[in-house]
Structures are given as structure tokens and as C-alpha cells.
Amino acid sequence: MDISERILKYLSNSENVDTLKLASEFNEDHQKIVGAVKSIEALEMVISEAVKSTKWELTDEGHSVASAGSHEAVLYRGIPEEGILQAEVMKKVPNAKVGFSKAMSLGWIFIDKSGGAPIVKRKVSSIQDIVQENLNEIKKGIDNLAENVRNDYKKRKLLQEITLKSFILRKGPQFATTIKKLETDLTSEMILSGSWKTLQFKPYNFDALGQPPECGNLHPLLKVRSEFREIFLEMGFEEMPTNQYIESSFWNFDALFQPQQHPARDAHDTFFISSPASTTQFPMDYLERVKKVHSEGGFGSQGYRYEWKIEEAQKNLLRTHTTAVSARMLYQLAQQNTFTPRKYFSIDKVFRNETLDATHLAEFQQVEGVVAARGLGLADLISLLDAFFRRLGFHRLQFKPAYNPYTEPSMEIFAYHEGLGKWIEIGNSGVFRPEMLLPMGLPEDVSVIAWGLSLERPTMIKYGLNNIRDLVGPKVDLQMVQNNPICRLDK
Ligand code: PHE
């Protein structure tokens with residue numbers, strides 16, 4: 001029989017039962033009884049009323065007195081027939097100080113100073129240890145102590161008063177000695193068969209505590225992104241609108257003086273969109289200039305000398321770099337009547353048809369910075385990169401000549417990572433070519449310097465991850481997301 005049913009059986013023969021009494025009768029833990037009461041109370045089988053009672057209980061010292069005897073009795077027993085030097089008995093007996101004064105006032109012992117050094121002797125031939133007897137009674141649950149005696153024991157720290165919380169039980173409206181299993185769900189079958197009319201349902205427990213709500217947590221990429229954004233904003237850069245994942249080949253490649261036969265424009269490298277497969281909305285005079293610079297040259301360049309096709313430029317794709325956004329921004333900038341120098345940045349997603357591995361995904365985030373001003377050169381780019389990466393915590397940079405269709409010169413950026421103790425490649429950069437800027441209509445003396453890097457790489461380094469799948473995708477450990485601290489790049 002489980003505890004709930006035992007309680008019900010007990011209650012069928014008696015009214016107003018205290019759960020404390022049940023605990024001692026059943027020899028069960030009181031908390032267990034209370035738990036069972038709560039469940040049958042929810043079924044309205046019992047009604048409970050919380051009560052408080054107080055009880056006197058032995059302290060730890062009280063327990064040791066109950067078993068070994070009071071301090072005065074222990075001292076008395078420590079005195080041999082012929083007596084003992086006071087100094088000696090005080091050393092030999094535990095709690096001798098208390099025991100001595102109590103035994104003296106009870107008249108059990110006396111001091112004989114006739115021989116010089118004080119000797120303690122028994123004054124009576126036998127004693128009754130009332131303290132020990134009383135404490136043992138209380139231990140058994142019998143409490144007939146007179147008030148003054150109780151106070152004395154309390155003062156001696158042998159007894160303490162404790163408060164007990166319990167419940168007085170009565171039969172409830174649904175009282176029975178067996179528990180019927182109640183329905184917890186209303187099912188469609190019950191409704192169809194009409195059985196719901198006779199079935200008994202378990203009442204809702206509106207006092208039950210809900211699951212603590214888990215709060216949202218920023219993903220490490222978002223934490224690092226906000227740190228990058230902060231750095232750009234501190235350096236006076238304005239953010240470009242990057243809310244357009246689908247781009248035309250024109251803005252992604254052609255505007256950037258990337259020839260139409262370039263291998264990056266292959267379906268092996270780029271995700272093309274099948275529907276809608278193409279775009280026809282372009283600033284046509286600008287498109288004509290782009291066509292010309294590719295096929296015939298111009299602005300001092302001989303161009304690529306091939307037949308530029310608008311169909312190729314019209315193809316829609318998932319942008320392969322945020323430089324497509326930079327191209328749009330620079331084109332807009334070129335439409336101003338008077339040129340004003342600008343500093344732009346963006347941090348957003350790009351897509352490449354990559355073979356996936358531990359460090360490559362088909363979509364990732366790019367961080368890009370662009371500065372347009374009169375007379376900028378490679379030296380400005382190097383000093384800007386130095387200032388930018390210094391804020392990220394990289395104090396030593398190295399550059400390696402590189403190639404991009406849209407920049408000349410171009411540089412790969414390497415930084416010495418103090419934590420990893422090695423040089424790591426962290427970005428790409430360059431000075432945009434006149435073949436890109438002049439068809440847009442930017443003044444001839446305006447140059448644009450720019451650089452780009454991925455957001456994932458610094459994030460993986462920062463958070464010590466070596467597989468990109470631990471950072472992005474279905475295998476991301478949410479606990480990792482939750483536990484990782486905010487990003488503070490060590491400046
Ligand atoms: N677009 C380049 C890339 O995707 C990065 C870059 C940006 C290079 C600007 C030079 C200038 O890697």
C-alpha cells in the first residue's frame with residue numbers, strides 16, 4: 001500500500017489527524033507524508049490545515065549528558081573514596097568546571113583544606129542523576145518538566161525549543177480509501193463517445209512552478225561582429241546597407257572589372273539563382289561604360305579585349321563578396337555633384353560554392369572596409385590597416401603581394417598572433433583600379449582603398465574553436481553559445 005492510501009485508511013477511522021503523528025505511527029519521514037497529503041488533497045480526498053507546534057528537543061550536549069550523565073555526576077564519580085587533589089580532578093574530568101560548581105551546590109562534594117593543598121572529597125555516599133533521567137525522558141517523548149527546571153536546562157544549553165510545521169487532516173468531499181486514477185487529458189475519443197461526461201479529470205495545479213524561461217544568448221559571431229562594428233564606428237566609418245543577399249553578376253563581378261571568363265564566375269564557384277535567373281534593371285549609361293572598359297579599354301587601360309555580353313552580367317547569384325555592396329555604394333557616391341570623402345564598412349553574409357571542410361563553409365560573413373578620398377595610395381592603406389588591426393589586438397602585420405581583378409596593387413594581410421605564436425593570414429586588401437572607379441564617374445584624383453576579412457576566422461581564434469562546424473550549423477553546442485563570454489578583443 002502506498003503512503004497516500006495508508007493515510008486515507010487511517011483517516012477513515014479518525015478525524016483531525018496531525019501529519020506529525022502519522023509520521024511517527026508509520027515510521028516515515030514527515031516530508032514524505034506531506035508530499036502524499038498534497039497529492040490526495042489535489043483530488044479533494046482530504047482537507048488539510050497548516051499548524052505550527054513547538055517541541056523541546058535535546059541539544060548535542062543534551063544528548064551526550066543523556067548517555068554519559070550530567071557533568072556534576074561525572075565529576076562526582078571521578079572522585080575516589082579517599083578524595084583527590086582539586087587541581088588533579090579538574091584536569092582529569094571533562095567539563096569539570098561546571099560539574100564542580102553544580103556538585104558543590106547540590107552538596108555532593110566538599111573541599112578539605114586541612115592538609116594544605118585542597119582536596120575534593122565525596123560528601124554523600126550515593127547520588128541520583130536527575131538531569132540525566134529527565135533528559136532521557138524527553139528523548140522518549142515524555143515531557144513533564146517543571147518550568148524552572150526546563151529554563152535551567154535551556155540555560156545550560158541541554159535543551160532547545162524547535163518549531164514544527166505540520167498539517168491537521170480531515171476527510172474531503174471526495175474522500176475514499178482507495179485512489180481512483182483520474183484522467184489527465186481530454187481526448188477526441190472521449191468527446192466522440194461522450195465518455196467525458198462520466199469520467200473524472202485531474203484538476204489543474206495552477207500553483208505548480210513553470211520551467212524557468214531560458215533567455216536568449218548572442219552567438220559568438222554576433223559578439224565578435226558587434227566588437228568589429230564598434231571599432232569601425234570609433235574610426236568614423238559608416239555602415240553600408242547589406243540587406244541584399246541576391247545580387248546580379250553585374251554588381252558582383254562586372255562593375256569590379258572582373259572579366260566574364262574569370263573562373264570565379266563559374267557555377268563551380270558561385271551559386272547562381274534559377275528563379276528569377278536574371279535582372280534587367282541597371283543604370284544603362286554606366287553599364288555601357290563598364291562594357292566598354294571590359295571589351296575595348298579606356299581611361300588609359302587597354303581592357304580585356306573580349307566580347308562583353310549583357311546576358312552574362314544579368315545573371316542573378318548569391319553575392320560572393322560584400323565588395324558588390326561597396327561597388328554599389330561607390331557608384332552612388334560618384335553620382336554626387338561634388339565628391340565628398342567617405343569611409344564605409346559592412347559586416348554580412350556572402351556565399352561561395354566551396355567544398356566544405358573544417359575551415360570552409362558555403363556561406364560565411366565578410367567584414368569589409370572602404371575609404372574613398374583624393375590622393376590615397378598604398379601607404380595610406382598600410383597605415384589604415386595598421387590602425388584597424390591594432391584595435392583588434394594585432395600589433396605586427398606583414399603584407400604579401402596578391403591579385404584581385406579589381407585592385408592594383410593588392411595585398412594579402414598577415415598578422416602575428418601572440419596567443420598562437422605564429423603568423424596567420426587574416427585578410428585581403430588593395431587599391432581599387434581606375435577601370436572600376438572611372439566608369440562609375442568618380443573624379444580622376446579620387447582613389448579608393450579597401451580591405452576584407454572573414455568574421456568566422458577571428459571568432460574561431462578568439463573562442464578557441466578549430467572546426468567551423470562547432471560555430472555554424474546543426475552541430476553547434478547551445479551550451480557553448482550560452483557559456484561563452486562577451487567578446488573583448490585584447491587591445
Ligand atoms: N572581396 C575580397 C574577397 O572576397 C576582399 C577584398 C575587399 C579585397 C576589398 C580587396 C578589397 O576576398
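We count ligands from 1, going down the list as the structure has it; atoms in each ligand are counted the same way.
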Residues pairing under side chain to side chain donor-acceptor pair (under 3.5 Å) where one sits in residues 412-427, two or more places apart or in two chains, turn out to be none
Could you check whether Tyr331 and Trp251 have their ring centres less than 6.0 Å apart?
yes
Would you say the rings of Phe257 and Tyr304 are close, in the sense that their centroids are separated by under 6.0 Å?
yes
Which N/O atoms of ligand 1 sit under 3.5 Å from a protein N/O, and at what distances?
residue  : atom  : partner : partner atom : Å
ligand 1 : 1 (N) : His321  : ND1          : 3.2
ligand 1 : 1 (N) : Thr323  : OG1          : 2.8
ligand 1 : 1 (N) : Tyr406  : OH           : 2.9
ligand 1 : 4 (O) : Arg352  : NH2          : 2.8
ligand 1 : 4 (O) : Gln366  : NE2          : 2.8

Kindly write out the residues that satisfy ring-ring contact (aromatic ring centres under 6.0 Å, His included) with Phe388, not counting sequence neighbours, or none if the list is empty.
Phe232, Trp451
Basic-acidic side-chain contact under 4.0 Å: Asp185, Lys202
no
Only counting residues at least two apart or in another chain, list the ones meeting side-chain contact (heavy atoms from CB on, under 4.5 Å) with Glu239.
Arg229, Phe345
